[in-house]
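For reference, the structure is listed below as C-alpha cells.
No experiment lies behind these values; they were computed from the predicted model shown. All chains are named by letter (A, B, ...) in the order of the sequence lines, taking the proteins before the strands, and each is independently numbered beginning at 1.
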Number of protein chains: 2
Amino acid sequence: MGLTKTEIYTKEQNKIAAMAKVIGHPARVAILQHLLKVQSCICGDLVDVVGLSQPTISQHLREMKSIGLIGGSIDGTKVCYCINKKTYEEFRDMFGNFFGQNLNPEDCC
Amino acid sequence: MGLTKTEIYTKEQNKIAAMAKVIGHPARVAILQHLLKVQSCICGDLVDVVGLSQPTISQHLREMKSIGLIGGSIDGTKVCYCINKKTYEEFRDMFGNFFGQNLNPEDCC
DNA sequence: TTTATATATTGCAATATACCAATAAAGACA
DNA sequence: TGTCTTTATTGGTATATTGCAATATATAAA
C-alpha cells in the first residue's frame, strides 16, 4: 500500500528511520556535503551545485528543514541555508549508538 | 517521476544514500535491533517480533541482504539470518565520517 | 510603479515502495 | 509417498516519492 504501519513500532524506531530516510536520497546527501563545505549558502547555489531544477531543490530543502537538519533565514529575496548544529549532533549520536555496538567476531551465517 | 537521477551524483553520494535508505524504514530498524540483541534468528521469529506478515518481512530481509547488511544461511526449511560484521562496520565508518565533522559553534541561520 | 531576481507552491505524470493474500518451492518427518 | 513447516515469489492495490513546468509571492532595483 506504500503506507508504513508506524503504529506498530516504538517511537525510537520511527525516529531512527525518519532520520535515516532524509539522508536516503543522493540529492540531500549532496546538499549536506555542500553545506558542510561552505557553511552556508542560498538555494540558487544548491540548484547549480546539485544539478536539479529549482522546485526540486526547494522540495528537498523543505524535507531537510522539517526534520530540523537545516535551517533557513530570509535575506531579502534570498534564503540562506545552513546545518542545524544541534540536530546534526543528534544524528551523530543516534547513528553512533546504532552502529557502535560490538558484534561477535565471526559471522554466523 | 519517482525516478532518482542517480547519474548526476558521485558514486559516494549514491552509496551513502543507499546505505541510509535501507535504515530508513522502521521495520528494518526493528529487524536490525533484534539481530543485534539475539545475534541470529530465523525469518519466522522476525515475523513475530516485528508484527508484519511473512511476505513483507521476507521482502525487507531481501533488501537488507542485497546491500550486504545481513546474511542468511539455509538450515533445513529455515533460514538463519544475522548481521554481516564487515558491512556493519562499513556503515559505522560511513556515518561516523559523515556526521563526525566539526561545525561552527553558532548556527548562522 | 514597473521590472528583475529569488524562492515557494501547485499541479501533474511516472516510478517506487509498502503491504498482504495466494501460491510455489523445498526440506523434514511420519 | 504424503503431509507439515518454513520461506520465497507472484500479483495486485494503495500510497509515497521524485521531478519539473507553470505560477505565485515577495523583495530589490530601476
Side-chain angles (χ1 to χ4, degrees), chain A residues 1-9 13-14 17-31 34-35 40-67 70-82 109, chain B residues 1-9 13-14 17-31 34-35 40-67 70-82 109:
Chain A
M1 317 167 205
L3 203 172
T4 298
K5 293 177 136 186
T6 55
E7 70 279 5
I8 69 172
Y9 307 103
Q13 286 162 347
N14 282 313
M19 290 167 89
K21 196 174 185 182
V22 82
I23 313 297
H25 191 287
R28 297 190 289 266
V29 171
I31 288 171
H34 189 68
L35 285 175
S40 79
C41 69
I42 63 171
C43 175
D45 292 340
L46 292 165
V47 172
D48 296 338
V49 168
V50 178
L52 292 171
S53 72
Q54 181 270 321
T56 302
I57 292 294
S58 191
Q59 178 192 296
H60 284 302
L61 287 170
R62 184 167 52 176
E63 280 178 64
M64 298 171 76
K65 203 171 154 190
S66 79
I67 207 172
I70 62 173
S73 64
I74 299 176
D75 171 28
T77 60
K78 308 179 181 180
V79 176
C80 169
Y81 284 101
C82 69
C109 307
Chain B
M1 316 169 206
L3 204 172
T4 298
K5 292 177 136 188
T6 54
E7 71 279 3
I8 69 172
Y9 307 103
Q13 286 163 346
N14 283 313
M19 290 167 89
K21 195 174 186 182
V22 82
I23 313 296
H25 191 288
R28 297 190 288 266
V29 171
I31 289 171
H34 188 68
L35 285 176
S40 79
C41 71
I42 63 172
C43 175
D45 292 340
L46 293 165
V47 172
D48 296 338
V49 168
V50 177
L52 292 172
S53 72
Q54 181 269 321
T56 303
I57 293 295
S58 192
Q59 178 192 294
H60 283 303
L61 287 170
R62 185 169 52 177
E63 279 178 65
M64 298 171 76
K65 203 171 153 190
S66 79
I67 208 173
I70 63 174
S73 64
I74 299 175
D75 172 29
T77 60
K78 308 178 180 178
V79 177
C80 169
Y81 283 101
C82 70
C109 308

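Nearer the 5' end of DNA chain D, as judged by each residue's closest nucleotide, is the contact made by B:Cys80, out of B:Tyr9 and B:Cys80.
We find that NZ of B:Lys78 is positioned 6 Å from P of D:dT6, with the value rounded to whole Å. One can place CD1 of B:Ile42 at 11 Å from P of D:dA8, the figure rounded to the nearest angstrom. What separates CG of B:Leu46 from P of D:dT7 is a distance of 9 Å, to the nearest Å. The interatomic distance linking A:Leu52 (CG) with D:dG19 (C1') rounds to 8 Å, in whole Å.
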* **Summary of protein contacts for nucleotides 22-30 of chain C, nucleotide by nucleotide, where a base hit scores B, a sugar-phosphate-only hit scores S (4.0 Å, heavy atoms)** => B----BS--
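A close approach under 4.0 Å does occur between a side-chain nitrogen or oxygen of A:Tyr81 and OP1 or OP2 of C:dA8. Between A:Lys5 and C:dC20 there is a side-chain polar atom (N or O) within less than 4.0 angstrom of OP1 or OP2. B:His25 has a side-chain polar atom (N or O) that falls below the 4.0 Å cut-off from OP1 or OP2 of C:dC19. Contact between the side-chain N/O atoms of A:Lys21 and the OP1/OP2 oxygens of D:dA16 is not found at any separation under 4.0 Å.
The two residues A:Thr4 and B:Pro26 come nearest to each other via the heavy atoms CG2-CG, 3.7 Å. A:Ser53 and A:Thr56 make their closest contact through OG-OG1, 2.9 Å (heavy atoms, listed as atom of the first residue, atom of the second, distance). Nearest heavy atoms, B:Asn14 versus B:Thr6: ND2-O, 3.0 Å. Here the closest non-hydrogen pair linking B:Ala18 and B:Ile67 is O-CD1, 3.4 Å.
B:Ser40 OG to B:Leu35 CG: the interatomic distance, rounded to the nearest 0.5 Å, is 8.0 Å. With values rounded to the nearest 0.5 angstrom, A:Leu46 atom CG is found 9.0 Å from A:Tyr81 atom OH.
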* To do: Check step by step if side-chain contact (heavy atoms from CB on, under 4.5 Å) holds for B:Ile8 and A:Leu52.
  => CA-CA 9 Å; B:Ile8 69 172; A:Leu52 292 171; 3.7 Å; yes
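A perpendicular orientation is assigned to the rings of A:Tyr9 and B:His25, their planes being inclined by more than 60° (bins at 30° and 60°).
Residues of residues 56-66 of chain B having a heavy atom closer than 4.0 Å to DNA chain D, listed by number: B:Ser58, B:Arg62.
Counting only residues at least two apart or in different chains, salt bridge (charged side-chain N to carboxylate O under 4.0 Å, His left out) contacts with residues 45-65 of chain A comprise A:Arg28-A:Glu63.
A:Thr4 comes within 4.0 angstrom of sugar-phosphate atoms only, judged by non-hydrogen atoms across all strands, and of no base.
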